[in-house]
A.B. asks: 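One structure is given below, represented as structure tokens, and several questions about it will come after.
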Protein chains: 2
Amino acid sequence: MDVIRSLGEISLGSRLKRVSDTLMKQTQELYTDQNIDFDPYLFPAFYNIVKREQTTNNELIDALKTSQPAVTQTIKKLELRGLIDLTPDPIDKRKKTISPTPTGTKLFQRLSPIWEILDRTVKEFTQLQSDSLLAHIDHFEQALRSGTLMQTVKERIQKELTIEIKTHEPSLSKAFYDLNIEWLETYFYVEDFDREVLSKPQQYILDPGGHIFYAIEGGITLGTVALKRIEDNLFELTKMAVSPEARGKGVGQKLMQHCIGFAKEENWKALLLYSNRILENAIHIYRKYGFEEIPVEPDSPYERSNIKMYLPLN
Amino acid sequence: MDVIRSLGEISLGSRLKRVSDTLMKQTQELYTDQNIDFDPYLFPAFYNIVKREQTTNNELIDALKTSQPAVTQTIKKLELRGLIDLTPDPIDKRKKTISPTPTGTKLFQRLSPIWEILDRTVKEFTQLQSDSLLAHIDHFEQALRSGTLMQTVKERIQKELTIEIKTHEPSLSKAFYDLNIEWLETYFYVEDFDREVLSKPQQYILDPGGHIFYAIEGGITLGTVALKRIEDNLFELTKMAVSPEARGKGVGQKLMQHCIGFAKEENWKALLLYSNRILENAIHIYRKYGFEEIPVEPDSPYERSNIKMYLPLN
DNA sequence: TATATTTGAATAAGCACTTATATAATTAGT
DNA sequence: ACTAATTATATAAGTGCTTATTCAAATATA
């Protein structure tokens, strides 16, 4: 028997604290589960700091409705974690200006989709047709203690936030075209031949024995890559494109990993690719995965390439 | 701007904790205000112990849904305050049996009506037509922070739990009769003459220059007392009766205090009273207020009296 | 201009919980 | 019957808040 529950509104204080503790603990477990080093107690302060871009201690006190030492202590923790920067105000030397570090902003971006799911799911689970606060608390605590709430959150994260690699199917042709055109428009220019190849992946990539892969998250295609057959066991990694919204999430690396794994399984001899030296980040990643620069042949098939890389397998 | 409020369900944990803290603090203030030495954090454990009459540590852990050390620590505090007794179990020497002390039971009785008001008022203030938990929390926090909730609680305590002394008016005649008859039936027996006097207070007490007072709490008459004129400045304290439900609340003492104060203001010489030695508690209180025993006259007007007491004023 | 007051932030200590661990007493297993 | 496992409670240390106090810089006041 849960006596606190039956005590009614007098024990509401203890009740609320108990529910808060449970929720915090489960949220902490969720972060750990997702391999994210974050503390739910830091959330309100952190969220505020990142959203405002630049804050002061006093603004936070006002926003969080907690005591000044609580804010000072929380900021200290955030600073220790390297998520925020504290710089003394040049005019008023007592003040400190609080702003997120690049690490902080990055973590924020990583956490945002999880928070969105958490928010949505909690909202769903806390909906109840009742005019009594206690009934709502009961209902919520039940959802928490039974574990169904966090179970649902995890399932949704799994479903919506896991990047999954799919092989080509006709319905993905449009994504293949769009992603690559966007990429070309950003870094180079689109030629008629590009449009021709990209609009007919079957004819230009698959039929000659190649493969196309897609990175899909929650039904949205974030990136694509193709493996074009050169010889029976030598393939060219090409047509890699990641949607602008998804950049920085490691989509390109996921596609790369998949291609290398696939190539190894097929017992191919090697992979090669053509790129351009201005794409420093991309080349850095190619090197990371073991590609090594080799001379570009004089009759290179690509005008915009000025570097050729090679990855021997096995 | 209250950013936590606008953060939505992700910050629900922080929100709940904040509301809990505020509620606990305000409840503590309420107790202090009422001159009651109690701690709202002890409530769930204390309530359980008193209600069950006898418990064990383990039962409490199960009931309160908190950790074992939390229970052990809370019990320790209750013991330090003298509200509970911890006796080792004679069979299993590891176990401790927890039971309320008389002081604990007394405090519980004193607190119960306050808890009833608190419960009722919180229930009222937390009623809201909304299916969202967050909206309920918002609504409740508003009521807490604005102070209206506790203001209402205090007003109700003042109105319902303050014992107030009123002078006679015809509508109170029935209470005068009922309270005294109940008292007589309990301790002695009711004679016809008693019924005659008690049913006609105007004729027997007031018209000859006497007074009747009532102790009233929340519209309920808890006790009564009469001052019967013997001489112009000598009055007899008589017809004191307290309803069985209200015994132990100090109603008799309140009436006594009022009578003495009244007598002093009227510049009377003295008060006297007749009682019976079997009513030890009553006589103890009379002595406490300064009454001293004097010989009973041979022609005492009361058959059931065997002690006469006298209180000189000024 | 010198002193008093206010303000922003830090520190200390306390409180109610937590987890981890220790210390008994009791029960189970062979 | 004797060791091993379990159970009941206590203690220690940590966490996130609190209030009270301290300290330094800025502002007000005379």
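Just so we're on the same page: letters track the sequence lines, and every chain starts at 1.
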A.B. asks: Taking atom P of C:dA9 as reference, at what distance in whole Å does atom CG of A:Leu60 sit?
C.D. replies: 10 Å
A.B. asks: Considering heavy-atom distances to DNA chain D, does B:Lys25 or A:Asp39 have its closest nucleotide positioned more toward the 5' end?
C.D. replies: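 Here A:Asp39 is the residue nearer the 5' end.
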A.B. asks: Which one, D:dT18, C:dT26, D:dG16, comes nearest to the side chain of A:Pro69?
C.D. replies: D:dT18
A.B. asks: Respond yes when some side-chain nitrogen or oxygen of B:Thr66 is under 4.0 Å from OP1 or OP2 of C:dC17, and no when none is.
C.D. replies: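 No.
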A.B. asks: Identify which nucleotide among C:dC17, C:dA10, C:dA9 has an atom closest to any side-chain atom of A:Lys95, counting heavy atoms from C-beta outward.
C.D. replies: C:dA9
A.B. asks: Would you say A:Thr74 reaches D:dC17's phosphate, i.e. side-chain N/O to OP1/OP2 under 4.0 Å?
C.D. replies: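 Affirmative; the distance criterion is met.
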A.B. asks: At 4.0 Å (heavy atoms only), tell me whether B:Asp89 reaches a base, stays on the sugar-phosphate, or touches nothing.
C.D. replies: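 No contact.
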A.B. asks: By nearest heavy atom, map A:Lys17 and B:Lys93 onto DNA chain C; which one lands nearer the 5' end?
C.D. replies: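 The 5'-side residue here is A:Lys17.
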A.B. asks: Using atom CG of B:Asn58 as one end and atom P of D:dT9 as the other, report the distance to the nearest whole Å.
C.D. replies: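 The answer, rounded to whole Å, is 6 Å.
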A.B. asks: Under 3.5 Å, is there a donor-acceptor pair between the A:Thr72 and A:Gln68 side chains?
C.D. replies: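 On atom types as modelled, these side chains qualify, holding a pair under 3.5 Å.
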A.B. asks: Would you check if there is a donor-acceptor pair between the side chains of B:Tyr41 and B:Gln28 at a distance under 3.5 Å?
C.D. replies: no
A.B. asks: Just how far, in rounded Å, is P of D:dA8 from NZ of B:Lys96?
C.D. replies: 15 Å
A.B. asks: Which is more 5' along DNA chain C, the nucleotide nearest A:Thr56 or the one nearest A:Gln73? Just name the residue.
C.D. replies: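 This one resolves to A:Thr56.
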A.B. asks: Quick check against the 3.5 Å criterion: does A:Arg18 have a side-chain atom that pairs as donor or acceptor with the backbone of B:Leu64?
C.D. replies: yes
A.B. asks: Hey, is the side chain of A:Lys77 poking within less than 4.0 Å of OP1 or OP2 on D:dG16, counting only N and O atoms?
C.D. replies: yes
A.B. asks: Under 4.0 Å, counting only non-hydrogen atoms across every strand here, what does A:Ile98 touch: a base, just sugar-phosphate, or nothing?
C.D. replies: nothing
A.B. asks: In whole angstrom, what separates A:Asn57's CG from D:dC23's P?
C.D. replies: 19 Å
A.B. asks: Can you tell me the distance, in whole Å, between the CD1 atom of B:Ile91 and the P atom of D:dA8?
C.D. replies: 14 Å
A.B. asks: What's the CD-P distance between A:Gln68 and D:dT22, to the nearest Å?
C.D. replies: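 Atom-to-atom, A:Gln68 to D:dT22, this comes out as 15 Å.
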A.B. asks: Given atom CZ of A:Arg94 and atom C1' of D:dT27, what is their separation to the nearest angstrom?
C.D. replies: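 To the nearest whole Å, that distance equals 8 Å.
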A.B. asks: What class does the angle between the rings of A:Phe38 and A:Tyr31 fall in, given that below 30° is parallel, 30 to 60° is tilted and above 60° is perpendicular?
C.D. replies: perpendicular
A.B. asks: Check the phosphate of D:dT9 against B:Thr72, side-chain N and O only, distance under 4.0 Å to OP1 or OP2. Yes or no?
C.D. replies: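 B:Thr72 to D:dT9 OP1/OP2: no side-chain N or O under 4.0 Å.
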A.B. asks: Rounding to a whole Å, what distance do you find between B:Lys76:NZ and D:dT9:P?
C.D. replies: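 Whole-Å distance recorded here is 14 Å.
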A.B. asks: Which residue pairs satisfy the salt bridge (Lys or Arg N to Asp or Glu O under 4.0 Å) criterion with at least one member in residues 90-99 of chain B, sequence neighbours excluded?
C.D. replies: B:Asp92-B:Arg94
